[in-house]
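Note that ligands are numbered from 1 as they come in the structure, with each ligand's atoms numbered from 1 the same way.
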Amino acid sequence: MAVFTEVSLEAARPLFEELQLGTLLELKGIQGGIENTNYFATTDRGEYVLTLFERLTHAQLPFYLYLMQHLALRGIPVPRPAANAEGEVLFTLCGKPAAVANRLSGKSQLQPQPPHCAAVGTTLARMHLAGQDYEREQPNLRGLPWWNATAPEVYPHMDDSQRELLQSELAYQNHIAASAAYQALPRGPVHADLFRDNVMFEGETLTGCFDFYFAGVDTWLFDLGVCINDWCIDLATGVLDPVRTQALLDAYQAVRPLEAAERELLPAMLRAAALRFWVSRLWDFYLPREASMLVPHDPTHFERVLRERIARPLTLHTPQHA
Ligand SMILES: Nc1ncnc2c1ncn2[C@@H]1O[C@H](COP(=O)(O)OP(=O)(O)O)[C@@H](O)[C@H]1O
Ligand SMILES: N[C@@H](CCOP(=O)(O)O)C(=O)O
């Protein structure tokens, strides 16, 4: 379910009028999603998505919504939040922060093939470059400081071998983060959660990326690691599929070739990306927030991925176009 707040046509109509999106004809609750209330909205002008934010506050949302607007204006396929005459994109509906964006066509590709991975690589690199001149600042709130703060909360729930792995990986990532090579990595606003379920395709054409609510400023390489760890793996084992990995990396590098330091640190960032989702899944699993509607994902998946990245670091091949 993903309609936590019921919205009537009458309640939503004034917002669509203010946004000059036409007369609202239909609202249909979207069943996917676990965090927000989402409706497909039909007006006499087109198809939109109405989102009521159930967790994020009015103060937190502008970074994400204006980032989506910034990227959409630069031709990146992301939902563009509709603005009123004053340029505002964040509103209040039924007592919740709310926004309206265009509806993306297509559907998620949950069994990606090399062309899908290549499309993700191309779009990710274009997104990174397009975000360079975004002016709002917010760190990745699920970055190293959060992992360091959260690990002690989950240690009591782990067995010895898991705790040792988490402790040693955190020590390794703190060491990497302090290095000159890491600090020189290019960075900017990153999606930070561009998993299979956050991208739409029509056939092999990528039609949109959505769910920017974990975005923040971080290294572009970390974002690349997040994508590879989801799009290019065998989900049962966590093992990287060499063909899909190469397809994603080649496509990314055809738009933005990796710098020498990035090539060197990619194995470390693949580990960082696995650690990030292992920690968040452990936290969601063992310390569910009161009244949370979130259904926790399996933490052992990313424990497996992390062990795999440590055991078999990725070796980079020369890109096809070089
Ligand atoms: N702009 C959009 N265009 C088309 N479908 C969308 C759009 N935004 C969200 N959706 C649909 O709504 C579902 C839930 O959205 P998501 O952002 O993942 O919600 P949640 O934040 O609750 O997890 C997605 O799986 C997708 O099917
Ligand atoms: N991709 C994350 C969970 C983030 O939730 P989302 O549904 O908002 O993308 C994970 O797999 O742990």
Heavy-atom contacts under 4.0 Å between [X] and ligand 1: side chain, backbone, both, or neither?
X: Asn36; result: both
X: Tyr213; result: neither
X: Ala101; result: neither

Parallel, tilted or perpendicular: ring planes of His128 versus Trp220, cut at 30 and 60 degrees: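 Parallel.
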Listed once per pair and sorted, the salt bridge (charged side-chain N to carboxylate O under 4.0 Å, His left out) pairs that draw on residues 117-131, sequence neighbours left out: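 Salt bridge (charged side-chain N to carboxylate O under 4.0 Å, His left out) check on residues 117-131 returns no pairs.
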Can a side-chain donor-acceptor contact be found between [Y] and [X] if the only test is distance below 3.5 angstrom?
X: His297; Y: Ser280; answer: no
X: Asn38; Y: Thr51; answer: yes
X: Asn229; Y: Arg309; answer: yes

Numbering as shown, the atoms of ligand 1 that approach Arg103 to under 4.0 Å (heavy-atom distance):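 Per the distance check, 3 (N), 4 (C).
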Any Glu264 side-chain heavy atom under 4.5 Å of Leu266 side chain: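 No. Closest side-chain heavy atoms not under 4.5 Å.
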Close N or O approach (Asp197, ligand 1; < 3.5 Å):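 No, Asp197 has no N/O under 3.5 Å of an N/O on ligand 1.
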Polar atom proximity, Leu104 to ligand 1 (N or O, under 3.5 Å):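 Yes, there is a polar N/O contact under 3.5 Å.
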Residue Gln20 excluded, over 12 heavy atoms near CD under 6.0 Å: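 Open: at most 12 neighbouring heavy atoms sit under 6.0 Å from CD of Gln20.
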Exceeds 12 heavy-atom contacts within 6.0 angstrom, atom CZ of Phe285: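 For Phe285, atom CZ is not crowded (no more than 12 foreign heavy atoms under 6.0 Å).
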First-shell residues of ligand 2 [heavy atom, distance under 4.0 Å]: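 Shell around ligand 2 (4.0 Å, heavy atoms): Asp193, Phe195, Asn198, Asp211, Phe214, Phe277, Arg281, His297.
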Option nearest atom 27 (O) of ligand 1 (shortest heavy-atom distance, choices Glu47, Arg80, Met200, Glu54):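 Selected option, by shortest heavy-atom distance: Met200.
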